[in-house]
Amino acid sequence: MTGERILVVEDNEKNMKLFRDVLVATGYRTLEATTGGEAVDMASEHTPDLVLMDIQLPDLDGVEALRRLRADERTATIPVLALTAQAMRGDRERFLAEGFDGYVSKPVNVRELIGIVRQHCEGRLG
Amino acid sequence: MAEERDSRVAREGRRRIGDPFVRGVARLPANVRTKLLIAFVGTALLLVAVGLLGQRVLGQSNDRVASVGPLQERAVQYSRLQAEAEHLRGVLSANVAKEFSIGWKDSALPQIRGTYSLAVDLFAVDAADRIGARTAPDRLLFTPPLKDQKILDGIKNTAEKLSTLLLEEVIPVYGDRTTISNEDRDLREEMLPLRADAEQLATDLHQRAADLADGTRAEVEELIARNASSFASSRALFIGVAAGAIVLALLLGFVLSWSVIGPIQNIDTRLAAIASGDFSGRVEVQNRDELGALGANVNRMNDELRRLYNELEEASQHKSEFLANMSHELRTPLNAIIGFSQVLRDEMVGSVNEKQAEYLDDIISSGNHLLSLINDVLDLSKVEAGQVELEVHPFSLREALERGVVMVRERATEDGVRVAFVADPEVDVVAGDERRIKQVIFNLLSNAVKFTPAGGEVDVSATRANGEVRVSVADTGPGIAPEDRERIFEEFQQSETGVGLREGTGLGLALSKRYVELHGGRIWVESELGRGSTFTFALPARSSTS
């Protein structure tokens with residue numbers, strides 16, 4: 001357990017609790033944002049190791065938030081995973097094309113989520 | 001697109017007839033039937049006019065020919081009159097010593113040279129009487145015109161005078177002689193002035209007859225010449241009018257037909273565009289007849305179709321958005337349900353007992369079932385809304401089948417079911433939507449494994465025949481009752497046995513059927529209760545439905 005900091009961007013309270021508890025139980029530290037704007041601010045302030053980004057958010061949507069992260073050199077290299085209930089056909093390809101480093105659809109398989117998070121954190125360190 | 005439209009407009013424009021006559025006829029506020037009637041009646045009237053003119057020309061020509069006949073008859077009669085007058089003059093001249101001697105100079109009768117003969121003079125009287133008689137209308141066999149009549153009267157008078165002169169003055173000179181010879185000088189002296197008078201009268205007579213005959217002949221010639229020239233001009237007039245009528249009739253036909261065909265072509269072009277889904281244009285028909293009404297209706301139809309099309313598109317857009325939202329909104333709580341259950345089940349927050357673990361597994365599998373139901377409903381809604389566009393590419397059907405078999409084999413082995421796969425060597429690459437065909441294959445395979453009891457087997461085979469590729473999945477399950485064999489392809493309709501099993505969304509076969517049919521193929525089942533079922537789908541070997 002290296003205790004990487006993961007920024008979870010999620011507007012649904014219960015899902016936020018799920019992701020927080022899973023990540024903390026797995027040994028990560030979490031930062032939490034419930035809107036896109038908040039996510040961008042927190043990312044530039046704390047420069048987390050990974051961002052799990054919901055797409056449908058109250059103010060900026062996840063895609064726009066990603067653009068802002070990429071535009072700011074402090075946050076440009078942070079890996080960002082789309083973590084979304086937008087899981088219609090073609091959505092995965094669409095989000096990867098937008099520049100997300102990965103895509104996890106809701107409902108998530110907790111073990112899979114942990115696997116992907118771990119993979120990206122290790123990839124970043126290595 | 002815009003460019004294409006421009007070129008089409010140009011094409012339509014070219015078809016529009018620029019002829020002002022055609023436009024004029026098109027704009028006439030009368031229906032096509034009336035226009036046609038007018039055109040036909042117009043053409044018929046032209047024909048009648050040409051016919052009447054022809055008849056008149058022919059009649060005039062006939063009249064002229066007829067008028068030549070009597071004139072010629074007159075000329076002949078007058079010529080005879082002239083001939084007789086000339087003869088009379090000759091006879092009288094011959095009886096005058098001087099001329100007589102000349103006239104008879106070479107005669108075989110020299111002894112009668114210079115002799116007046118009573119017989120000759122009597123003959124002259126006869127001739128003069130005959131000429132006089134000949135001027136009478138009943139002898140002429142026609143009624144001479146006034147100017148001829150005057151001359152004829154003159155001839156008759158002169159002939160009578162001559163006759164009288166001869167009878168009453170010349171012939172008494174003979175006394176009882178039959179001739180007066182050169183020696184009878186006294187008598188000759190007496191005769192000479194009389195003869196000069198007679199000769200003068202005869203010459204006069206001849207002159208009149210000659211005038212009459214010559215005049216009439218000239219008249220005949222003039223009439224013939226006049227006939228010839230008026231025939232020529234009549235013919236020219238007739239030909240001209242006939243040609244004009246033909247040109248006019250052709251023009252009438254041309255103008256009328258283009259005033260009809262032009263709009264029809266315009267309307268046809270527009271309809272073809274509408275049929276191919278282009279509602280952007282309007283047809284321009286200037287006619288104020290049925291075609292104008294047709295054009296207006298086509299435009300109204302176009303507008304109405306465009307409105308409906310836009311509405312449909314909007315509705316379809318709304319539906320798509322609704323489906324996307326629904327999917328999102330259902331998945332969000334499902335994320336918490338499944339996620340927390342997994343957290344508990346994996347004992348990340350403390351241990352659970354056996355019963356609790358079982359219930360958590362039930363929550364998780366029900367959650368996953370709900371998820372696949374959401375996916376299937378969305379897929380089906382898209383198919384129903386016609387929003388599914390197949391992504392047709394050539395792909396290896398054999399590989400797809402092999403992968404499907406691999407995917408179900410694990411579960412099959414767990415359940416004690418053997419899965420076998422046989423494919424014809426010709427079955428390989430087909431054109432189709434790979435992902436959806438795989439979905440169909442997986443659906444059939446997982447159904448077969450699900451319904452086959454332990455120890456049973458699932459046989460997958462692929463063949464190619466009659467221009468189609470067939471994939472069959474045969475199981476040794478419970479089979480499907482005949483009354484269920486159609487129903488199972490409908491939404492949420494499962495067989496009795498299927499209802500017994502708690503798995504399945506009841507949408508898999510309905511979706512499979514839709515996908516196969518979108519490819520232009522078909523799917524069906526053969527089954528025997530207690531023995532098993534064989535599901536088969538067939539795709540056109542060249543399945544390019546896009």
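From a predicted model like this one, the values you see are computed outputs, not experimental measurements. Lettering follows sequence order; numbering is per chain, from 1.
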Heavy-atom pair with the smallest gap, counting every atom of [X] and [Y]:
X         : Y         : answer
Ala336(B) : Asn15(A)  : N-OD1, 3.3 Å
Ile338(B) : Val108(A) : CG2-O, 4.2 Å
Ser327(B) : Ala85(A)  : OG-O, 4.2 Å
Lys106(A) : Arg331(B) : O-NH1, 2.7 Å

Can you say whether Leu83(A) sits under 4.5 Å from chain B via the side chain, the backbone, both, or neither, judging by heavy atoms?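 For Leu83(A), neither part sits under 4.5 Å from chain B.
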Side chain, backbone, both or neither of Asp91(A) within contact of chain B (heavy atoms, under 4.5 Å):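 Nothing of Asp91(A), per the 4.5 Å heavy-atom cut-off to chain B.
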Within a reach of under 6.0 Å around [atom1] of [X], are more than 12 heavy atoms found that belong to other residues, nucleotides or ligands?
X         : atom1 : value
Glu313(B) : CD    : yes
Glu354(B) : CD    : no
Glu311(B) : CD    : yes
Arg435(B) : CZ    : yes
Tyr359(B) : OH    : no
Glu414(B) : CD    : yes

Please report the C-alpha distance between Val110(A) and Met348(B) in whole Å, then the side-chain angles of each, then the deciding distance to 0.1 Å, and finally whether the side chain to side chain contact (heavy atoms under 4.5 Å, CB included) criterion is met. CA-CA 11 Å; Val110(A) 171; Met348(B) 291 169 79; 4.2 Å; yes
Quick one: NE2 on His328(B) to OG1 on Thr84(A), what's the gap to the nearest 0.5 Å?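 The NE2 atom of His328(B) sits 4.5 Å away from the OG1 atom of Thr84(A).
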Please identify, among Met88(A), Lys14(A), Lys17(A), the residue contributing the most non-hydrogen atom pairs under 4.5 Å to chain B.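 Highest number of heavy-atom pairs under 4.5 Å: Met88(A).
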Per-residue contact mode, Asp346(B) against chain A (heavy atom under 4.5 angstrom):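 The answer is the side chain of Asp346(B).
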Which region of Asn375(B), side chain (C-beta onward) or backbone (N, CA, C, O), has a non-hydrogen atom less than 4.5 Å from a non-hydrogen atom of chain A, or is it both or neither?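 Neither part.
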Do Val343(B) and Val22(A) make a side-chain contact, defined as non-hydrogen atoms from C-beta onward lying under 4.5 Å apart?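 Sidechains of Val22(A) and Val343(B): in contact.
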Side chain to side chain, Gln342(B) and Glu112(A), heavy atoms closer than 4.5 Å: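 Contact flag for Gln342(B)/Glu112(A) side chains = no.
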Taking every non-hydrogen pair under 4.5 Å, which of Leu334(B), Thr332(B), Asn325(B), Asn368(B) racks up the most with chain A?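 If we count pairs closer than 4.5 Å to chain A, Thr332(B) comes out on top.
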Exactly one of Asn335(B), Leu370(B), Ile337(B) should register a side-chain contact (heavy atoms from CB on, under 4.5 Å) with Pro107(A). Which one does?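 That would be Asn335(B).
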